[in-house]
Amino acid sequence: MSSSCAVSTPLRTELFNSIGSSNRLIISPSRTFQHNRSKCEMSRRGFAFKGIVASGVSVMGSSLAAAPAKGVERLEFKPEGYNFWTWKGRKIHYVVQGEGSPVVLIHGFGASAYHWRYNIPELAKKHKVYAIDLLGFGWSEKAIIEYDAMVWKDQVVDFLKEIVKEPAVLVGNSLGGFTALVSAAGLPEQVIGVALLNSAGQFGNPNSETNKTEESTFQKVLLKPLKEVFQRLVLGFLFWQAKQPSRVLSVLKSVYVNNTNVDDYLVESITMPAADPNAGEVYYRLMSRFMVNQTQYTLDSVLSKLSCPLLLLWGDLDPWVGPAKAIRIKEFYPNSSLVSLQAGHCPHDEVPELVNKALLEWLSNLPTQASLQTV
């Protein structure tokens with residue numbers, strides 16, 4: 001997940017206006033936003049920390065409350081979950097609504113299927129909508145495994161084969177965006193389109209060194225164990241800190257330009273994973289291993305294997321993944337359309353009415369394909 005910088009509105013406008021593309025559209029919501037953000041840069045580890053912090057919190061008696069997004073239906077919150085699928089012996093949670101051509105929604109780091117609460121009901125009026133919890137998140141099992149981007153790719157690919165069973169469109173936010181990309185590249189015959197909302201992932205650095213020096217016995221026997229002990233102590237403290245209500249509010253408010261939709265339901269859907277006995281260990285593995293090893297998978301390598309239309313729905317005011325990444329993706333992959341939104345890192349929940357409209361319009365213009373023949 002690459003670092004990003006929030007730029008001022010005039011500079012942002014100038015930047016986007018310099019991209020002369022008929023496929024680009026800027027949408028501004030009717031709400032009034034507060035722009036009290038300074039320029040910021042965040043390392044991949046910092047980005048990951050804030051994202052995963054939200055997955056390990058526990059709120060008692062939160063005072064947050066807000067009315068649903070105006071004019072947008074909201075998915076009913078069910079603490080017990082919705083539907084479950086057994087994948088490789090693991091319990092996987094998902095939501096399904098509607099009829100029509102399938103659309104699969106994939107959440108970001110630390111979130112769950114419920115993060116698509118304002119999108120599922122609206123999209124389901126014209127499509128069969130699925131929202132899946134990635135392994136280790138939401139209502140899905142907190143498996144004690146070695147997490148890797150390909151684990152979630154395999155999960156989504158098998159979900160498409162076993163549950164969806166026909167050509168579908170993948171829609172992903174943040175980590176879910178990158179998962180959607182690698183899944184589409186891995187199953188091109190069943191994915192007819194991909195939509196990214198402030199996607200994770202970074203472009204490769206051709207100047208970086210790829211050769212790793214061989215580890216000495218001293219490093220293997222002494223340094224690595226000491227490093228792991230230190231990491232467990234530090235991350236254990238961070239996990240404890242992440243359970244404080246103030247941290248939840250801080251993280252959510254830092255990525256939503258308009259906090260109207262930061263309500264009790266959203267907080268509870270994010271904090272529930274912390275109650276699982278394995279949540280702490282999953283947190284440790286994600287932070288100490290997955291986040292360190294993610295650089296081996298790059299956007300350019302994945303996009304070079306993609307063969308379907310791509311939609312970029314980008315919150316321009318995201319302090320983590322700025323609009324420059326969307327522009328670079330579009331330049332690298334010409335078969336893409338860019339819709340810029342005046343929102344933060346999670347535009348689907350912050351300005352759902354705009355995201356739903358843009359998604360439905362794009363979906364209606366996708367070329368149709370015949371359903372796959374199942375064996």
Side-chain angles (χ1 to χ4, degrees), residues 9 12-13 16 23-35 64-77 95-108 111-131 169-174 176-177 180 193-199 252-253 255-267 269-270 311-318 321 323 326 337-366:
T9 301
R12 185 179 301 105
T13 301
F16 274 104
N23 287 335
R24 184 182 167 275
L25 173 67
I26 299 179
I27 297 181
S28 299
S30 58
R31 306 174 197 169
T32 300
F33 293 105
Q34 298 297 323
H35 300 291
L64 287 174
K70 186 177 181 180
V72 182
E73 184 180 351
R74 182 173 63 192
L75 179 72
E76 178 187 359
F77 182 76
V95 178
V96 58
Q97 277 191 12
E99 295 295 335
S101 57
V103 176
V104 180
L105 309 175
I106 309 172
H107 64 81
S112 69
Y114 187 73
H115 207 190
W116 302 99
R117 57 193 175 153
Y118 291 119
N119 314 110
I120 294 171
E122 189 66 23
L123 297 177
K125 293 176 181 178
K126 294 186 177 181
H127 298 272
K128 189 167 188 178
V129 182
Y130 299 85
V169 170
L170 301 182
V171 181
N173 169 237
S174 193
V194 174
L196 304 181
L197 293 90
N198 295 67
S199 179
L252 291 175
K253 289 181 177 180
V255 294
Y256 280 62
V257 179
N258 183 335
N259 300 149
T260 300
N261 290 343
V262 179
D263 58 16
D264 290 326
Y265 295 116
L266 176 61
V267 172
S269 73
I270 295 174
L311 172 65
L312 304 170
L313 284 172
W314 223 264
D316 281 2
L317 308 180
D318 184 355
V321 186
S337 302
L338 173 60
V339 176
S340 299
L341 303 164
Q342 296 297 292
H345 188 62
C346 308
H348 58 294
D349 193 61
E350 185 178 339
V351 287
E353 63 278 18
L354 301 183
V355 169
N356 292 340
K357 180 180 179 181
L359 259 178
L360 286 169
E361 182 178 349
W362 179 74
L363 288 168
S364 68
N365 292 320
L366 278 181

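Here the structure is a predicted model, which means the values were calculated and not measured. We count residues from 1, following the sequence as given.
- Side-chain contact between Leu105 and Leu123 is present, with at least one heavy-atom pair separated by less than 4.5 Å.
- The line from CD1 of Ile120 to OH of Tyr130 is 12.5 Å long, rounded to the nearest 0.5 Å.
- Using a 4.5 Å heavy-atom cutoff, the side chains of Gln342 and Val257 are not in contact.
- Closest of all the heavy-atom pairs between Leu338 and Ala326 is CD1-CB, 3.8 Å.
- Using a 4.5 Å heavy-atom cutoff, the side chains of His127 and Leu360 are in contact.
- In terms of the ring pair (Phe, Tyr, Trp, His ring centres under 6.0 Å) criterion, residue partners of His348 (sequence neighbours excluded) are, by chain and number, His115, Trp116.
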The test is side chain to side chain contact (heavy atoms under 4.5 Å, CB included); show your working for Leu266 and Tyr256 and say whether it passes. CA-CA 12 Å; Leu266 176 61; Tyr256 280 62; 3.6 Å; yes
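- A 4.5 Å side-chain heavy-atom check between Asn261 and Tyr118 finds at least one atom pair inside the cut-off.
- Of the inter-residue distances, the one linking Asp349 atom CG with Thr260 atom OG1 reads 11.0 Å to the nearest 0.5 angstrom.
- By the side chain to side chain donor-acceptor pair (under 3.5 Å) test, Ser269 pairs with no residue at all, sequence neighbours left out.
- Nearest heavy atoms, Pro352 versus Asn119: CB-ND2, 4.0 Å.
- By the side chain to side chain donor-acceptor pair (under 3.5 Å) test, Lys126 pairs with no residue at all, sequence neighbours left out.
- Contact record, Ala180 with Val194: CB-CG1, 4.1 Å, taken as the closest heavy-atom pair.
- Looking only at distances, no side-chain donor or acceptor of Asp316 sits under 3.5 Å from a matching main-chain atom of Pro323.
- Scored by the side chain to side chain contact (heavy atoms under 4.5 Å, CB included) test, Ser199 finds Phe178, Leu196, Trp314 as partners (sequence neighbours excluded).
- To the nearest 0.5 angstrom, Ser101 atom OG is 8.5 Å from Leu366 atom CG.
- Nearest heavy-atom pair across Ala195 and Leu359 is CB-CD2, 3.9 Å.
- With contacts defined as side-chain heavy-atom distances shorter than 4.5 Å, the pair Trp362/Leu313 does not qualify.
- Atom SG of Cys346 is separated from atom NE2 of His107 by 12.0 Å, given to the nearest 0.5 angstrom.
- A heavy-atom distance below 4.5 Å is not found between the side chains of Asn198 and Ser174.
- A donor-acceptor pair is defined here as one N or O able to donate and one able to accept, closer than 3.5 Å; no such pair exists between the side chain of Glu122 and the backbone of Glu353.
- Inter-residue side-chain proximity for Asp263 and Arg74 is flagged as met; some heavy-atom pair is nearer than 4.5 Å.
- To the nearest 0.5 Å, atoms CG (Asp318) and NE2 (His345) are separated by 5.5 Å.
- Note: Leu341 CG to Leu197 CG = 8.0 Å, rounded to the nearest 0.5 Å.
- Closest non-hydrogen pair, Gly344 versus Pro347, comes out as O-CD, 3.5 Å.
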